[in-house]
Amino acid sequence: QVQLVESGGGLVQTGGSLRVSCAASGRTFSTYVLGWFRQSPGKEREFVAGIRWSLGNTRYADAVKGRFTISRDSAKNTVYLQMNSLKPEDTAVYYCAADRNARVLVRTTPDAYDYWGQGTQVTVSS
């Protein structure tokens, strides 16, 4: 039903900025939450940010509040994660995911999400 493809990852220096994109295929996004997760070696996959497609409500992990911004372009079926003031701790594979069943809150648990992209590597050098 939904396919997700991430892009825009790369190498950036500490304090720099990067924007990753998630292109979604399909026409059933009006009730979905689109989220970004990340995973680094030896760590569990963690929630980064999410957005309710229909209303634009957002939620962020404490570690990225004030630095990252999630947004979407409905015409392009694309969700973005703008990452500013990057730190080495932000180094991870970033995954886009879609939650079909979110109600009031953007959910933060990976198990809640139904569709996943392949991930894009973000590396922040010191």
Side-chain angles (χ1 to χ4, degrees):
Q1 186 80 349
V2 177
Q3 297 82 45
L4 305 171
V5 180
E6 302 94 334
S7 63
L11 176 65
V12 63
Q13 63 185 3
T14 297
S17 298
L18 199 66
R19 188 181 74 168
V20 290
S21 302
C22 174
S25 299
R27 300 179 181 178
T28 57
F29 303 107
S30 62
T31 61
Y32 285 19
V33 162
L34 272 295
W36 285 98
F37 291 77
R38 66 186 183 187
Q39 188 167 25
S40 56
K43 293 185 176 181
E44 297 181 355
R45 190 166 298 186
E46 65 175 346
F47 173 81
V48 177
I51 185 168
R52 189 172 297 279
W53 194 267
S54 60
L55 300 177
N57 307 71
T58 60
R59 185 175 182 179
Y60 297 91
D62 289 342
V64 306
K65 286 181 180 178
R67 299 189 297 121
F68 290 11
T69 302
I70 188 171
S71 62
R72 88 281 200 233
D73 186 332
S74 296
K76 297 181 178 180
N77 285 342
T78 300
V79 62
Y80 304 96
L81 184 68
Q82 177 67 46
M83 301 179 287
N84 299 324
S85 301
L86 283 162
K87 307 174 181 179
E89 306 93 273
D90 297 316
T91 295
V93 176
Y94 283 71
Y95 296 91
C96 180
D99 177 4
R100 299 177 298 173
N101 303 306
R103 293 184 178 273
V104 178
L105 296 176
V106 172
R107 298 194 283 187
T108 62
T109 304
D111 289 345
Y113 288 74
D114 305 286
Y115 305 101
W116 292 85
Q118 64 183 7
T120 185
Q121 176 71 46
V122 173
T123 302
V124 184
S125 62
S126 59

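The shown structure was predicted, so the numbers you read here are calculated from the model rather than taken from an experiment.
- Listed by chain and number, the hydrophobic cluster partners of Trp116 are Val33, Phe37, Phe47, Val93, Tyr95, Val106, Tyr113, where partners are ILVMFWY side chains within reach of under 4.5 Å, directly or through others.
- Salt-bridge annotation for Asp62 and Lys65: present, with a side-chain N of the basic residue lying under 4.0 Å from a carboxylate O of the acidic one.
- Taken from CZ in Arg38 to CD in Glu89, the straight-line distance is 8.5 Å, to the nearest 0.5 Å.
- Among all heavy-atom pairs drawn from Trp53 and Val79, the shortest one is CZ3-CB, 4.4 Å.
- Between Val64 and Met83, every side-chain heavy-atom pair lies at or beyond the 4.5 Å cut-off.
- The OH atom of Tyr94 lies 9.0 Å from the OG atom of Ser40; values are rounded to the nearest 0.5 Å.
- Distance check, rounded to the nearest 0.5 Å: OG1 of Thr69 to CG of Leu81 gives 8.0 Å.
- Interatomic distance, Gln3 CD to Gln1 CD, rounded to the nearest 0.5 Å: 8.5 Å.
- The shortest non-hydrogen separation linking Leu4 to Cys96 is CD1-O, 3.7 Å.
- Under the 4.5 Å side-chain heavy-atom criterion for grouping Ile, Leu, Val, Met, Phe, Trp and Tyr, Trp36 is connected to Val12 within one hydrophobic cluster.
- Using a 4.5 Å cut-off on side-chain heavy atoms (C-beta onward), Arg59 and Thr108 make contact.
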Counting only pairs under 3.5 Å, give me each side-chain donor-acceptor contact of residues 117-126, with atom names and distances, residues two or more places apart or in other chains.
unit_1: Thr120; atom_1: OG1; unit_2: Gly9; atom_2: N; d: 3.1
unit_1: Gln121; atom_1: NE2; unit_2: Ala92; atom_2: O; d: 3.4
unit_1: Gln121; atom_1: NE2; unit_2: Thr123; atom_2: OG1; d: 3.3

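- Remark: Gln39 CD to Glu46 CD distance equals 9.5 Å, nearest 0.5 Å.
- Listed here is the closest heavy atom pair of Arg67 and Ser85: NH1-O, 3.0 Å.
- Under the 4.5 Å side-chain criterion, counting only non-hydrogen atoms from C-beta, Val48 is not in contact with Ile70.
- Interatomic distance, CG of Asp99 versus CG of Asp111, reported as 11.0 Å (0.5 Å rounding).
- Of all heavy-atom pairs between Gly56 and Arg72, the closest is N-NH2, 3.6 Å.
- Ala98 and Leu34 get closest at one heavy-atom pair: CB-CD1, 4.0 Å.
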